[in-house]
Number of protein chains: 2
Amino acid sequence: MDEETDLLNQKFEPMLEQIKVLFFEFGIKNLNMDDISHKLGISKKTLYRFVKSKEDLIARIFEYEQKRWVEVVRSISAQEVNAIEKLFKVSLMVYEEMKRFNPIILFELRKYYEPLFLEYQEKKMAHVALSMRLNLDNGTKEGLYRSDLNADAIIAIYMNYLVEIHNSDYCKGADLSFDELFKIMFEQHIRAISTAAGVAYFEARKNEITELLNKSRN
Amino acid sequence: MDEETDLLNQKFEPMLEQIKVLFFEFGIKNLNMDDISHKLGISKKTLYRFVKSKEDLIARIFEYEQKRWVEVVRSISAQEVNAIEKLFKVSLMVYEEMKRFNPIILFELRKYYEPLFLEYQEKKMAHVALSMRLNLDNGTKEGLYRSDLNADAIIAIYMNYLVEIHNSDYCKGADLSFDELFKIMFEQHIRAISTAAGVAYFEARKNEITELLNKSRN
DNA sequence: AATTTAACACACTGGAAACGTTTTTTGTGT
DNA sequence: ACACAAAAAACGTTTCCAGTGTGTTAAATT
C-alpha cells in the first residue's frame, strides 16, 4: 500500500514541476483542474489519482519546493569554498527566487491557501535559519567571522533583509535598483560579522562577486 | 444628458488609474466588483454609476490608457530635440511598459476579454506606427535618417523588435539581459536607417543614452 | 484469444462565488 | 425634521469549477 503510494509520488514529481511553472505563468485561480490535466496531456481522472484535491496539489508543490530547496543548499554546503562564498551563493538564489515571485501568485496563496502557505513559509524560514547557523559556525571556525556573535539576532536581521528587500520602498529615496540594494545589504552583513581576515577576503573578492550578480540578471 | 456623462467620466478618470494599479497587483479575475468598490472606498452602486459592467470597466481602462499614451508621445514630440533622441525616449517608454506587463494579466486579457484586448492593441499599434512615420520624416528632414527609406517596412520591423523582445528566446543563446538586448536593437535600428551624420550623432551620444537606460532600471 | 488494467474523453452535479440590481441604512446639509 | 446621496447589505440569477461517474480504447497480462 505505502510502496504503491511512493511509486505514484515518484512518477508525479516531474509533473509537479510542470504545474508549478504553469501556475507562475497563468496564476492559480486561472487554471482549473481541467486546464491542468489538459496541459499535462493526461485526463482529469488520472490527475486525481495523484492528488485528492486542488488544495492537496498546492500542498504537494510546496512539499516539492521545500525538498528541492533543501537539496540546493546541501549541494552548495558541500562545495569546497569558504563560508562567505557559500553565504553569497545561497543568498543570491534566495534573492532570485523572490524576484520571480509574482505579486498575484502571492495574493492568491494568501487568500485561498493561507494555512498551507504559512506552513510552507515557516518550514522554509526554519531551514534557512538552520543553514545560516551552520554558516556562522563554519565562518567562525575559518576565522572569517567574529567569534563573539549573537547568532540568533544576526540570523533574524539577515533574514529580514532578504524578505523586506521587495516590499519596502527602500529604492524610492535613493534611486537604487534591487540588485544594487542586494549588493549593499550583503556587504553590510559581511562587514558586520567578519573579522579583519573576513573583511580582507571580501574586499579581495568583491568585484568578482558583483560580476556574478550582473551575470545572473536577465 | 451628454454633458452629464462627460462630468461623470471626468470624475471617474483618477479611479481608472487606481483600478489599473489594482489589476496589476492582484490580477483581474481575483478582483470582483465588490472588492474594487471597497478598495476605491466607494459603494458598488456608485461604481455602477460609472460603468455598466465589469467588461465595460476594462474597456474604459483601455480607453484611458490609450489616451494617456497618446499624450505621452505628444509631449515627447513637442520637445526641442532631434529625431533620434525622441525615438529613443519613446522606445524606452514602450520597453518599460512591456516589462511591467505581467504574463498573468496578459493571459486573463486574452482569455476573458479578447475582443477588447485586440481592439486596444490594434489602436495602439496604429498609433505607434503613425508616430514612427512622423519620426522618420523628421529625422530625414534633419538629415539624420537616409532619404531613400521604405517607411512601411522599417516601421514593421522595428515594431516587431519591441514586441518580440520578451516572448522570444533571444537571450538563451548568448546570455544577454533584456536591457542589453534593447540597447543592441536600438543601435541596430539607428545605424540601419541613418545617414553618416545620424550615425555620428548617435555615436557621440551613445554613452549618455546607455546611462539613461541603467537609471531607468529598478 | 480472453481478461484485466489503466488511461482518456466527456458529461454531470452540487456548491460556491460573482455579477448586477434592489433595498435598507447611514450621514450630511438645509 | 426633511431631503438627498452615498454606503452597506441583501438578493436573485447566472456562471464557474472541483470532484465524480460513465463509456471507450489501448495496452498488458494470462
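Numbers restart at 1 for each chain; the letters A, B, ... are given by sequence-line order, proteins then strands.
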Can you check side chain to side chain donor-acceptor pair (under 3.5 Å) on A/Asp179 and A/Tyr95, steps first, answer last?
-> CA-CA 9 Å; A/Asp179 291 343; A/Tyr95 173 65; 2.6 Å; yes
Show the numbers, then the answer: is there a salt bridge (Lys or Arg N to Asp or Glu O under 4.0 Å) between A/Glu17 and A/Lys20?
-> CA-CA 5 Å; A/Glu17 178 63 33; A/Lys20 190 190 83 180; 3.6 Å; yes
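Taking both residues in full, the closest heavy atoms of B/Phe23 and A/Ile104 are given as O-CD1, 4.4 Å, listed atom of the first, atom of the second, then distance.
Counting atom types as modelled, A/Lys45 pairs a side-chain N or O with a base atom of D/dG21 as donor and acceptor under 3.5 Å. No donor-acceptor contact under 3.5 Å links the side chain of A/Lys54 to the base of D/dG19.
The interatomic distance linking A/Tyr112 (OH) with D/dA18 (P) rounds to 12 Å, in whole Å. Atoms CZ (B/Phe50) and P (D/dA5) sit 14 Å apart, rounded to a whole Å. Between the CG atom of B/Asn30 and the C1' atom of C/dA18 there is a distance of 13 Å, given to the nearest Å. The distance from atom CG of B/Asn32 to atom P of C/dA17 is 11 Å, rounded to the nearest whole Å. Across the protein-nucleic acid pair, A/Leu47 atom CG and D/dG19 atom P stand 10 Å apart, rounded to whole Å. Atoms CG (B/Asp34) and P (C/dT21) sit 13 Å apart, rounded to a whole Å. At whole-Å resolution of the value, NZ in B/Lys52 and P in C/dT21 are 10 Å apart. Between B/Glu108 atom CD and D/dC16 atom P there is a gap of 14 Å when expressed in whole angstrom units.
Each of B/Lys44 and A/Ile28 has a nearest nucleotide on DNA chain D; the 5'-most of these lies closest to B/Lys44. In terms of position along DNA chain C, the nucleotide closest to A/Gly41 lies nearer the 5' end than the nucleotide closest to the other residue of the pair B/Leu31 and A/Gly41.
Nearest nucleotide to the B/Thr46 side chain, out of C/dG20, C/dC8, D/dA7: D/dA7. The B/Arg49 side chain lies nearest to D/dA6 when the options are C/dC8, C/dG20, D/dA6.
Interatomic distance, OG of B/Ser91 versus CD1 of B/Ile84, reported as 11.5 Å (0.5 Å rounding).
Between the side chain of B/Asn138 and the backbone N or O of B/Asn135, no donor-acceptor pair lies under 3.5 Å.
Using a 4.0 Å heavy-atom criterion, one finds that A/Ser37 contacts no nucleic acid atom at all.
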